[in-house]
Amino acid sequence: SIAIPSNTISRVAIGLIQDGLYIHPAVGIIGSTLTVDLAKQFNDIPDDLEGVLIDTVVRGGTADMAGIDAATTNKYGERESGDVITALDGNSVVDIEGLLSYIQEDKSIGENIVFTVYRDGEYINLNAPLQPIK
């Protein structure tokens, strides 16, 4: 069996009662937990950085509205790093599971979310209201 936190269940129940459906808050990213091996693939990411490396941003999603950049591959197959999310609303993010559980348990559609991202050697804060999944 799978253990689901009771606060998640109660929020789902409230959503179902109010609207007949529960909308899962979407960040609109596909990302990977940053590991030392993954960091080594990029010249501009320190090996000891922790967070979630963004591979893809969903058009019109929360991350897109906030201005988050995804990793790209140039025509020579060389990887150029995208943003690494290191915190949400000031809470450290070390892996994709932590990012998803924070959004699921602590955020609602329409609430503002602040992404702290590592980009080009510095930390910047980007924010947008949490969008429903389309």
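Heavy atoms only: backbone and side chains are in, while hydrogens, waters and symmetry mates are out. None of the values given here were measured: they were computed from a predicted structure. Sequence positions, counted from 1, serve as the residue numbers for this chain.
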Exam field: side chain [X] to backbone [Y], donor-acceptor pair closer than 3.5 Å:
X	Y	answer
Ser81	Phe42	no
Lys40	Ile45	no
Asn91	Leu88	yes
Asp64	Val57	no
Thr86	Gly51	no
Glu122	Asp120	no

How close do [X] and [Y] get, counting heavy atoms only, and between which atoms?
X	Y	answer
Thr33	Glu97	OG1-OE1, 4.0 Å
Gly28	Ala63	O-CB, 4.0 Å
Gly110	Pro129	O-CB, 3.7 Å

Quick one: [atom1] on [X] to [atom2] on [Y], what's the gap to the nearest 0.5 Å?
X	Y	atom1	atom2	answer
Asn112	Asn127	CG	CG	4.5 Å
Ile29	Leu100	CD1	CG	7.0 Å
Asp83	Asp69	CG	CG	5.0 Å
Glu111	Thr62	CD	OG1	11.5 Å

Near Asn74 CG, under 6.0 Å, is it more than 12 heavy atoms from other residues, nucleotides or ligands?
->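 More than 12 within 6.0 Å, yes.
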
Quick one: does [X]'s side chain get under 4.5 Å of [Y]'s, heavy atoms only?
X	Y	value
Leu126	Val114	no
Ile54	Val52	yes
Ser32	Leu38	yes
Leu34	Leu49	yes
Val117	Val84	no
Val93	Phe115	no
Leu99	Ile103	yes
Tyr118	Ile85	no

Chi angles and distances behind the side chain to side chain contact (heavy atoms under 4.5 Å, CB included) call for Lys107, Asp89 | CA-CA 10 Å; Lys107 302 302 284 188; Asp89 297 332; 2.8 Å; yes

Among the clusters formed by ILVMFWY side chains lying less than 4.5 Å apart, do Met65 and Leu130 turn up in the same one?
->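 Different clusters: Met65 never reaches Leu130 through Ile, Leu, Val, Met, Phe, Trp or Tyr contacts under 4.5 Å.
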
Salt-bridge test for Asp44 and Arg119: reply yes if a basic N is under 4.0 Å from a carboxylate O, no otherwise.
->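 No.
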
